[in-house]
Amino acid sequence: MSGKGGERGERKMETGIAAVEKVGGRSTVTRCFSKYPLKLIVPNKVGSSKTDAVWIYTLSYGGGIVSGDRISLSIGVGDGCTAAVTTQASTKVYKSVDSKCSEQVLEARIGRNALLAVIPDPVTCFSTARYSQKQVFRVFSDSNLVIVDWITSGRHESGEKWEFELYRSTNQIFLEEDQPLFLDSVLLEQASTCSIAERMQEYHVIAMVIILGPMLKHVQNQVQDEVKKMMSRHFRVPTPTAGHYMRSESQSGPTRPALVASCSAFGPQAIGVVVRIAAVTTESVYMFLRHHLATLEPFLGVIPYG
């Protein structure tokens with residue numbers, strides 16, 4: 001969007017803005033603004049004081065996203081800075097009223113030699129909910145980015161299983177002068193011929209993990225190697241590090257694997273890796289993420305999902 005009028009309109013829509021810059025040689029939140037229905041919390045410190053990273057927590061008033069809510073968050077991570085954006089619990093999307101769709105948009109710019117980790121808890125859509133989210137990231141060739149994007153089947157304690165009406169998640173990464181680097185969209189929508197639950201069968205969680213940038217090359221290599229080993233063994237022979245989240249819950253007869261993962265590289269010189277996951281339980285995905293993202297601890301101060 002160009003022009004002063006467009007810029008004003010774009011800013012008016014934002015419900016949250018955060019900027020991270022170097023102050024006194026350390027990553028510092030220099031700007032933080034949020035308004036209903038979004039709230040941003042910036043703790044003084046998460047993890048080791050020796051780690052140069054800031055954490056930003058996103059919350060929704062009322063504990064979830066209400067039908068028709070529009071949330072727009074803009075984040076800038078300056079050169080050489082490190083930031084993590086997360087949640088305190090799963091993002092609940094309440095029932096749709098009058099077929100209204102709740103929307104959430106995240107736009108982020110990551111500077112040179114900077115790192116942004118977007119590592120929220122999963123989205124949980126209530127019965128009949130309609131939800132759409134879009135995340136746009138603008139990076140340089142030496143920027144570093146981790147994205148975790150995942151959804152559960154619903155409120156298990158209420159007996160809900162893939163009973164929402166619509167879920168759409170779009171992730172876009174652009175390299176420098178708006179060169180498309182990664183474009184992805186997931187759409188789950190109820191159909192008259194086949195429901196989401198019928199298509200998903202026994203799987204209750206789907207997730208996507210993106211790891212991008214030269215600083216995280218060792219993380220990419222490790223994830224690719226371990227996922228390939230998991231796939232080649234058909235998840236039937238658990239390894240010491242992965243056995244817990246790969247083991248099928250059913251011990252009687254052949255069943256589908258409790259967790260399925262695939263991994264592929266993308267971008268020039270395989271600058272990024274995307275991992276896609278389907279799992280029977282939310283806990284198994286938490287364990288997968290905790291294990292495979294543990295090598296981020298030196299950058300973030302703590303192990304994600306620990």
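Any value given below was found using the heavy atoms of this structure, including those in side chains, with hydrogens, waters and symmetry copies removed.
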Closest heavy-atom contact between V29 and C32? CG1-CB, 3.9 Å
For E177, I'd like to know if atom CD has over 12 heavy atoms of other residues, nucleotides or ligands within 6.0 Å. no
Neighbour count above 12 (heavy atom, 6.0 Å) for R31 CZ: no
So L38 and Y61, side chain to side chain contact (heavy atoms under 4.5 Å, CB included) or not? Walk me through it. CA-CA 7 Å; L38 177 67; Y61 286 91; over 6 Å; no
Between L259 and V205, is there a side-chain heavy-atom distance shorter than 4.5 Å? no
Linking I/L/V/M/F/W/Y whenever their side-chain heavy atoms sit closer than 4.5 Å, directly or via other members, would M200 and Y167 fall into one cluster? yes
When V85, N144, L116 are each screened for side-chain contact (heavy atoms from CB on, under 4.5 Å) with V77, the one that passes is L116
Just by distance, no angles: are the side chains of E21 and T30 close enough, under 3.5 Å, to form a donor-acceptor pair? yes
Would you say S72's side chain and T15's backbone share a donor-acceptor pair under 3.5 angstrom? no
Answer yes or no: does atom NZ of K134 have more than 12 heavy-atom neighbours from other residues, nucleotides or ligands under 6.0 Å? no
Using 0.5 Å steps for rounding, measure from the CD1 atom of I211 to the CD atom of Q222. 9.0 Å
Taking atom CG of D178 as the centre, does the number of heavy atoms from other residues, nucleotides or ligands within less than 6.0 Å exceed 12? yes
Side-chain contact test, heavy atoms from C-beta onward, threshold under 4.5 Å: evaluate it for L216 versus V146 and give yes or no. yes
With the 4.5 Å side-chain cut-off for hydrophobic clustering, are I303 and L115 part of the same group? no
Does atom CD of E198 have more than 12 heavy-atom neighbours, drawn from other residues, nucleotides or ligands, at distances under 6.0 Å? yes
Going by atom types only, do Y131 and E103 share a side-chain donor-acceptor pair under 3.5 Å? no
Calculate, to the nearest 0.5 Å, the distance between atoms CD and OG belonging to E163 and S158 respectively. 9.5 Å
Side chain to side chain contact (heavy atoms under 4.5 Å, CB included) between Y36 and I71: does it pass, once the steps are laid out? CA-CA 9 Å; Y36 183 88; I71 298 173; over 6 Å; no
Give a yes or no on whether the backbone of T51 and the side-chain of K45 come within a donor-acceptor separation of less than 3.5 Å. yes
Could you report the tightest heavy-atom contact between L187 and L166, atom names first, then the distance? CD1-CD1, 3.4 Å
Do the side chain of W55 and the main chain of L300 share a donor and acceptor less than 3.5 angstrom apart? yes
Run the side chain to side chain contact (heavy atoms under 4.5 Å, CB included) check on K228 and C263 step by step: do they pass? CA-CA 8 Å; K228 285 177 182 177; C263 192; 5.9 Å; no
Under the side-chain hydrogen bond (donor to acceptor under 3.5 Å, both in side chains) criterion, do S127 and E160 qualify, and how do the steps go? CA-CA 7 Å; S127 174; E160 295 178 1; 4.6 Å; no
Smallest heavy-atom separation, P214 atom then S141 atom, equals CD-O, 3.7 Å
With distance as the sole test, does T281 use its side chain to make a donor-acceptor pair with the main-chain N or O of S284 at under 3.5 Å? yes
Students often mix this up, so state it plainly: with edges at 30° and 60°, are the rings of W150 and Y286 parallel, tilted or perpendicular? perpendicular
Indicate whether any N or O donor in one side chain lies under 3.5 Å from an N or O acceptor in the other, for T128 and E165. no
Gap separating the CZ atom of R70 from the CD1 atom of I65, nearest 0.5 angstrom: 11.0 Å
Sub-4.5 Å side-chain heavy-atom contact between R199 and I196: yes
With rounding to the nearest 0.5 angstrom, report the CD to OG distance, E189 to S195. 13.0 Å
What is the minimum heavy-atom distance between V93 and A129, and which atoms define it? O-CB, 3.7 Å
If hydrophobic clusters are built from ILVMFWY residues whose side chains come within less than 4.5 Å, do I210 and F140 share one? no
Can you list every side chain to side chain donor-acceptor pair (under 3.5 Å) pair that touches residues 74-92, not counting sequence neighbours? T87-D121
Charged N-O contact under 4.0 Å between D98 and R130: no
Heavy-atom check, side chain of V275 versus side chain of V273, under 4.5 Å: yes
Residue pair M208 / I277, side-chain heavy-atom distance below 4.5 Å: no
If Ile, Leu, Val, Met, Phe, Trp and Tyr residues are connected whenever their side-chain heavy atoms lie under 4.5 Å apart, and connections chain through other members, are V105 and I17 in the same group? no
Scanning both residues in full, the closest heavy-atom pair of Q220 with G213 reads NE2-O, 3.3 Å
With a 3.5 Å cut-off and no angle check, do the side chains of S99 and S96 form a donor-acceptor pair? no
Ring-plane angle category for H156 and H204, please: parallel below 30°, perpendicular beyond 60°, tilted otherwise. perpendicular
Any side-chain heavy atom of E107 within less than 4.5 Å of one from L73? no
Which value, rounded to the nearest 0.5 Å, describes the distance between R26 atom CZ and K22 atom NZ? 7.5 Å
Would V46 and V302 count as a side chain to side chain contact (heavy atoms under 4.5 Å, CB included) here? Give the steps. CA-CA 7 Å; V46 176; V302 296; 4.0 Å; yes
Heavy-atom pair of closest approach, residues S27 and D52: N-OD1, 2.6 Å
Do other residues, nucleotides or ligands put more than 12 heavy atoms under 6.0 Å from the CZ atom of R168? no
Donor-acceptor check, side chain of K95 to backbone of F164, threshold 3.5 angstrom: yes or no? no
Over 60° means perpendicular and under 30° means parallel, so classify the ring planes of H292 and F288, tilted if in between. tilted
Evaluate whether atom NZ of K100 has more than 12 neighbouring non-hydrogen atoms of other residues, nucleotides or ligands under 6.0 angstrom away. no
I151 vs T124 side-chain heavy atoms within contact, under 4.5 Å: no
Basic-acidic side-chain contact under 4.0 Å: R276, D149: no
I'd like to know if W162 and Y94 are part of one continuous hydrophobic network [Ile/Leu/Val/Met/Phe/Trp/Tyr, side-chain heavy atoms within less than 4.5 Å]. no
Modelled atom types, side-chain donor and acceptor of S102 and D69, under 3.5 Å: no
Do V209 and I147 have side chains that approach each other closer than 4.5 Å (heavy atoms only, starting at C-beta)? no
Both conditions, 6.0 Å and 45 degrees, for the charged tip of R138 above the ring of F174: are they met here? yes
Nearest-0.5 Å distance that lies between atom OG1 in T282 and atom CE in M287: 13.0 Å
Does the structure place the NZ or CZ of R109 under 6.0 Å from the centre of the six-membered ring of F137, at an angle of no more than 45° from the ring's axis? no
